[in-house]
Amino acid sequence: MPELPEVELVARALDKLVGGRCILAAEIRRARLVAGSTPKDFSRLIRGSCINCVNRRGKHILFELNGGLVLIAHLRMSGRFLLLPPEAPLPKFTHAIFYLDDERRLVFSDQRHFGMMKLVPAAQVHKTKELRALAPEPFSEEFTPQYLASTLARSRRTLKETLLDQTKVTGLGNIYAAEALFLSRVNPFIIAADFSRRRVGRLHQAILDVFTESIAHGSTLNIDPENIDGSYYGGAYEGRWRVYDREGEPCIACGSRIRRLTHAGRSTYFCPRCQRR
DNA sequence: ACCCTCACCTGCACGC
DNA sequence: TGCGTGCAGGTGAGGG
């Protein structure tokens, strides 16, 4: 269920915890986890690799291995990386185990089975179907208000749908899209192409602000790979949502009741007063 | 190129 | 207590 801030924090934590470690062996327990490969081939390919560093692109985690391979992982809704000490039992829904050279195991567990992993040559990473169509990184120089304005101008879908499209803006999910729209006081149901160009700057800034704030506060979820007993919930940023999951509660700005509408198959939370069309 | 629907899974909260 | 229903933070395939 992670969005950009969670994935960023997971990647940073993994970089610190497993950067420099080597993978002695890998065990894939759920075949469909590894896209485009068999568990056997995947394990054979990754065995003996050392992890140079761990990065992020969009919501994908990139393990850069020596030997010219990159492991691309996506957590989707419920995927989680855990670093288990030698005696710790495997969590439920363990789909992959990487045996490291420090006696620990890096485990991928995923209740809803939506997560995926893929090994690709380093030179091909950004040409894979997973990464090649992604929009610019929100914190890159490319992601300017002008970029956002011209992207929105070409979409006939609503702002909310367009913001969730990773080829238009990368990193937003259902929570932070709602938060960014609220913060900039923009109505989620405006057709993107009809959105006033004058207001794009404020929306652009709000996107950066919700990401920055959440990363700084430790995100909404408890994604610490070393917190192997903890629940997924209980992240430091939890409870700081301004509109998400607050249906019927008072708007923090005006006191109106926050509304929830199902839109494009997903819940959209907004303040009917602050976010008028 | 764009946009829509459905599919992938398990668990949990809710109402009866 | 049990059972049915709808919902959950993400994306890709396949169709038009």
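Here is the naming used below: chain letters follow the sequence lines, and residue numbers restart at 1 for every chain.
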Discussion item. Work out how far the C1' atom of dG9(C) is from that of dC3(B), and round it to whole angstrom.
Written reply: 23 Å
Worksheet item: When the distance from CG of Leu163(A) to P of dG10(C) is rounded to whole Å, what number comes out?
Response: 13 Å
Worksheet item: Are Lys168(A) and Glu161(A) close enough for a salt bridge, meaning some N to O gap below 4.0 Å?
Response: no
Worksheet item: If you count the non-hydrogen atoms of other residues, nucleotides and ligands that lie under 6.0 Å from CZ in Arg259(A), is the total more than 12?
Response: no
Practice prompt. Check every nucleotide of DNA chain B for an atom under 4.0 Å from a heavy-atom of chain A, then give the first and the last such nucleotide from 5' to 3'.
Written response: dC3(B) to dG11(B)
Item to complete: Indicate if Leu159(A) and Leu261(A) have the same hydrophobic cluster label, given that clusters are the connected sets of ILVMFWY residues with side-chain heavy-atom separations under 4.5 angstrom.
Response: no
Worksheet item: Closer to the 5' end of DNA chain B via nearest nucleotide, is it Arg154(A) or Ala264(A)?
Response: Arg154(A)
Discussion item. Nearest whole Å is fine: how far is dG10(C) C1' from His113(A) NE2?
Written reply: 16 Å
Discussion item. Enumerate the side-chain hydrogen bond (donor to acceptor under 3.5 Å, both in side chains) contacts for residues 85-97 of chain A, please, sequence neighbours excluded, ordered by first and then second residue.
Written reply: none
Fill in: Lys/Arg N to Asp/Glu carboxylate O, Asp110(A) vs Arg30(A), below 4.0 Å
no
Item to complete: Return no unless some side-chain N or O of Tyr244(A) is found under 4.0 Å from OP1 or OP2 of dG9(C).
Response: yes
Worksheet item: For DNA chain C, what is the dot-bracket line, given that a base pair needs Watson-Crick (N1 to N3, plus N6-O4 or O6-N4) or G-U wobble (N1-O2 and O6-N3) geometry with both distances under 3.5 Å, and | means paired with another strand?
Response: .|||||||.|||||||
Report all side-chain donor-acceptor pairs from residues 58-75 of chain A shorter than 3.5 Å, counting only partners two or more places apart or in another chain.
residue, atom, partner, partner atom, Å
Lys59(A), NZ, Leu172(A), O, 2.9
Glu64(A), OE2, Asn55(A), ND2, 3.0
Asn66(A), OD1, Cys50(A), N, 2.8
His74(A), ND1, Arg76(A), N, 2.8

Worksheet item: When you check the gap from the basic side-chain N to the acidic O, do Asp15(A) and Arg12(A) get nearer than 4.0 Å?
Response: no
Fill in: Arg105(A)/Glu27(A) salt bridge by N-O under 4.0 Å criterion
no
Worksheet item: On a whole-Å scale, what distance lies between the P atoms belonging to dC9(B) and dG14(C)?
Response: 15 Å
Discussion item. Do Tyr269(A) and Glu249(A) pair up side chain to side chain, a donor and an acceptor below 3.5 Å, judged on atom types alone?
Written reply: no
Practice prompt. Report, as a single string ordered 5' to 3', how protein heavy atoms within less than 4.0 Å touch nucleotides 11-16 of chain C: B base, S sugar-phosphate only, - not at all.
Written response: BSS---
Worksheet item: Which residue pairs pass the side-chain hydrogen bond (donor to acceptor under 3.5 Å, both in side chains) test when at least one of the two sits in residues 119-134 of chain A, sequence neighbours left out?
Response: Lys118(A)-Glu130(A)
Worksheet entry | Salt-bridge contact Arg80(A)-Asp224(A) (side-chain N to carboxylate O under 4.0 Å) | no
Worksheet entry | P gap between dC7(C) and dT5(B), integer Å | 15 Å
